[in-house]
Each structure stands twice: as C-alpha cells, then as structure tokens.
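Only one structure is covered here, and it is reproduced in the block below.
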Amino acid sequence: MTSHALTTSHLNDATTVVVKVGSALLVDEHTGAINAAWLHQLAADLALLTSRRCRCVVVSSGAIALGRTQLKGRAKSNARLKLEEKQAAAAIGQVQLASEWKEALNTHDLSTAQILLSPDDTEQRRRHLNARATITTLLDSGIIPVVNENDTVATMEIRYGDNDRLAARVAQMISADVLILLSDIDGLYSADPRHHPDARHIPQVTAIDDDLRAMAGPANEDYASGGMVTKIEAGRIATQAGCHMVICNGTAMNPISALIDGATATWFTATAKPPQARKTWIAGGLNPVGTITLDDGAVNALQSGKSLLAAGMIAVDGHFERGDLVAVCDPQGQEIGRGLINYSAHDAARIAGCNSGEIQGILGYRGRDEVIHADDLVMTAST
Ligand code: GLU
C-alpha cells in the first residue's frame, strides 16, 4: 500500500488524534524565537482536523528551547545545558509556549488547555485514570489540550526525556486512533538519506524488530531530544495500544493538510483497535489487589457491557487504592472480570450498595458514578 492510501484509510476513521510537535520545528535554532508563522498554519491544520470531527491533542516541545535564551550566559550558546539549567529553561519557556499556542489556536476559534505530565501520570494506573479523565473532559468540551513533560520536576531517572515517547504514552492513555509525529523528514528510510542518496523510503512498518532499529540514526540531543530511535519506540508503544502512528515531514507549511493530500510518510500500523488494546493492557496488569463481589443485577449489567455502579456491590475485600486492578466476582465468588477501580478499598466499602447520588454525602466528595468504568473493565468469564 502507498503511504497516501494508508493515510486515507487510517485518518478517515480517526476520532481522536494526537499531534506531536518538536522544538526544532517550533523554535528557531539560532535565535531561540518562536516560528510564529509556522505555528499559525499548524493551528489551521488542527482546525481542519477538528472540522472533520476529529478530537485533537497536541504534544508540544519547545519549553527548553524558548526558555534557554533567558538564562544567563546561555542566550546564543550551543553548549549543552546541565539538568538544572534545562529545568529552569523549561520553567521560563513553558509560560511562553502555552501562550503562543493559545494565541495561534484562538485565531481559529479553538480553545486550549495546558497539561504537564510526568511518567507516573501515564505509567501508574492510579494516576493514569486522573490524567485520562481530565483530557477526556477537555476533549468533550471541544478544547485542544497542549501537553508537555513537567520538566521542572523531572529528574534524570524519572523523566520521559523525549516527547516522542510522551506523545505515544498520551495516545495510549486516551485511546487515540492516530498519532502524528511531525518530523524534519518524511519518514523512515533504509539508511540516512542525507548520506546515502540511494536510501529507500519505507511507507509502512508492520513489525518493530532489530532490522528496523538498525536503520534509525542517532538523535540530535543538543537541541532537542528524539531522532528515529525514539520514534520507533513511540511506534511500538502506540501500535501496542491500537493506535496507528505516522512520521511525516513537518518542515513545510500545513503539514497535516499535505499528509491528507498524499504527502509521503511512514505509517506504523496497529492491528487491534484502541478499546480492545486497552483491555489487553488491563488484563495483562499485575495480579488484582482486591475483590469486589456483585449482586446478580450488577453481574448482568456488566455482562451486557455496562459500567459497575456502587449499588451493585455487596462486598469489598483487600487493600487497594484508586486506579488499582481488582477482581470482580459474582455472588458465588466466581471471578467474572477484572478492572481498574475508581475508589480506594476504604471508600468502596462505604458506598457499597448505595445509589450514585448518595456518594457525596457519604464520602464528602463527589466521586465518579462509575466504580469501574466499562472502558476499564475486562470480562474474563461468564456465569
Ligand atoms: N519537554 C522538552 C521541552 O519542551 C522537550 C523534549 C523533546 O524535545 O522531546 O523543551
């Protein structure tokens, strides 16, 4: 299949798209100034996606590249920054980055919100539910979340380090259908095309193996993280989550329109759909740390694809926190499914058997109506 045919088939069906924008596209390497004209035309592309009924999330780098110019002695220097300098630069630059995005999107009547994430927010199931719910709520309100790593609190060991992987984790977390990585090249080649004029373009990747990894050149770590190595890793994360990923050239104006119109690109094709892949991820989690026993009505509801409500719980066992994996059992104690629970064991026990409207009065806070959302529940057996 040509990359254009893949674009048409993958993007036509997409309802949620993550677009990753790197520092090298957004910030002028020499002056440290924002490429405002480029950003404004990208906002037009996002408006185009929105008009196609696609919900968009942007993962934008650029905080460090924008902020470093204001660090003493670093303005025009190409020297590598120390970790604390990167963090200080990110703290400065993130303010500007968010405001540039706001201005560009507002021009197209689009609103934005800033989300800063750390690996714990996407990796730990507990925090993951919060970040997923926040982003989904923003998307439901027609807002375009602009995500970056929370660089100022990240340490060397605890950081994504590059926004390719962050973007893939975000795509996984929100069950996106397509992840678009805007790069400085139109995809993967059999060798680095700058040094090998006979290098072959690869329109589609269906398996991520050592041969593919061997084709990836090193990253330009000074200015921005990433390179093909992290893009391939992002492809692995995204496709496992049921999300197709495309690497396309973002250097020209309107790169997403160009992609839709048939620009060359490399597609990493997922085999499963995001909801199915999410269930595999949940089922593949660690052992359940608690058990919820349901009444017959709730067992029937779950088996017909509904969420678990507090009223259907008759017993809660084990020590667990919100976001942990629990087993769900029928009244006879037979496991019928597993899911990520929205309440701690303590709070779940207090609301067991109650109507959703009573939760606030009992717990003192307005929790979710769904004790386990249908999206976070995998049925393992039928009774
Ligand atoms: N989070 C970093 C920034 O905003 C960039 C990381 C990356 O370039 O991948 O500057």
Side-chain angles (χ1 to χ4, degrees), residues 15-16 55 121-122 124-141 172-175 241-242 273-383:
T15 55
T16 309
R55 301 158 15 127
D121 302 321
T122 56
Q124 276 187 15
R125 284 171 162 78
R126 188 172 309 158
R127 311 248 311 239
H128 160 115
L129 284 185
N130 285 350
R132 175 180 164 94
T134 306
I135 296 181
T136 307
T137 305
L138 291 166
L139 292 174
D140 289 347
S141 299
Q172 173 193 32
M173 183 170 74
I174 62 166
S175 303
K273 293 260 182 239
Q276 180 195 343
R278 181 168 174 80
K279 299 213 170 201
T280 309
W281 173 74
I282 291 168
L286 302 171
N287 289 330
V289 285
T291 304
I292 305 290
T293 308
L294 312 185
D295 63 19
D296 286 326
V299 170
N300 287 338
L302 262 54
Q303 280 167 347
S304 59
K306 301 224 168 71
S307 298
L308 173 64
L309 303 181
M313 298 195 285
I314 52 178
V316 175
D317 297 290
H319 297 286
F320 52 83
E321 291 299 328
R322 175 176 147 67
D324 279 339
L325 184 70
V326 296
V328 177
C329 296
D330 67 10
Q332 290 72 44
Q334 165 85 32
E335 180 177 319
I336 58 159
R338 291 179 174 194
L340 305 182
I341 189 155
N342 278 324
Y343 290 90
S344 66
H346 180 251
D347 288 355
R350 291 171 68 202
I351 60 172
C354 300
N355 290 325
S356 306
E358 296 174 276
I359 294 178
Q360 173 143 24
I362 297 169
L363 299 182
Y365 66 89
R366 168 128 197 249
R368 307 256 156 84
D369 286 354
E370 301 88 3
V371 172
I372 302 179
H373 194 281
D375 290 351
D376 298 329
L377 189 68
V378 188
M379 300 307 284
T380 47
S382 52
T383 48

So does [Y] get a backbone contact from the side chain of [X], meaning a donor-acceptor N/O pair under 3.5 Å?
| X | Y | result |
| --- | --- | --- |
| R338 | A327 | no |
| T380 | G337 | yes |
| N342 | E370 | yes |
| D295 | G297 | yes |
| D347 | S344 | no |

Any [X] side-chain heavy atom under 4.5 Å of [Y] side chain:
| X | Y | answer |
| --- | --- | --- |
| D376 | L129 | yes |
| L294 | P331 | no |
| I372 | L340 | no |
| Q172 | W281 | yes |

[X] and [Y]: which non-hydrogen atoms are nearest, and at how many Å?
| X | Y | value |
| --- | --- | --- |
| G318 | A345 | O-CB, 3.3 Å |
| M173 | R278 | O-NH1, 3.9 Å |
| I351 | A310 | O-CB, 3.4 Å |
| I341 | A348 | CD1-CB, 4.5 Å |
| S175 | P274 | O-CB, 3.6 Å |

So, taking the atom named [atom1] in [X] and the one named [atom2] in [Y], what distance separates them when rounded to the nearest 0.5 Å?
| X | Y | atom1 | atom2 | result |
| --- | --- | --- | --- | --- |
| D317 | T293 | CG | OG1 | 6.0 Å |
| E358 | Q360 | CD | CD | 12.5 Å |
| H373 | L377 | NE2 | CG | 10.5 Å |
| L138 | I174 | CG | CD1 | 10.5 Å |
| L309 | C354 | CG | SG | 12.0 Å |

Side chains of R368 and S356: any donor to acceptor distance under 3.5 Å?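 Result is no, nothing qualifies.
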
Step by step, would you call L308 with I292 a side chain to side chain contact (heavy atoms under 4.5 Å, CB included)? CA-CA 10 Å; L308 173 64; I292 305 290; 4.1 Å; yes

What do the steps show when you test M313 against V371 for side chain to side chain contact (heavy atoms under 4.5 Å, CB included), and what is the final call? CA-CA 9 Å; M313 298 195 285; V371 172; 3.9 Å; yes

I'd like to know whether Y343 forms a side chain to side chain contact (heavy atoms under 4.5 Å, CB included) with I359, so could you lay out the CA-CA distance, the side-chain angles of the two residues, the decisive distance to 0.1 Å, and finally the verdict. CA-CA 11 Å; Y343 290 90; I359 294 178; 3.7 Å; yes

Quick test of your reading of the model: are R55 and D140 salt-bridged, counting only N-O distances below 4.0 Å?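 A salt bridge links R55 with D140.
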
Before accepting this row, confirm whether a basic side-chain N of the pair D375/K279 lies closer than 4.0 Å to the acidic partner's carboxylate O.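 Not counted as a salt bridge, because no side-chain N and carboxylate O are separated by less than 4.0 Å.
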
Walk me through whether V289 and H319 qualify under side chain to side chain contact (heavy atoms under 4.5 Å, CB included). CA-CA 7 Å; V289 285; H319 297 286; over 6 Å; no

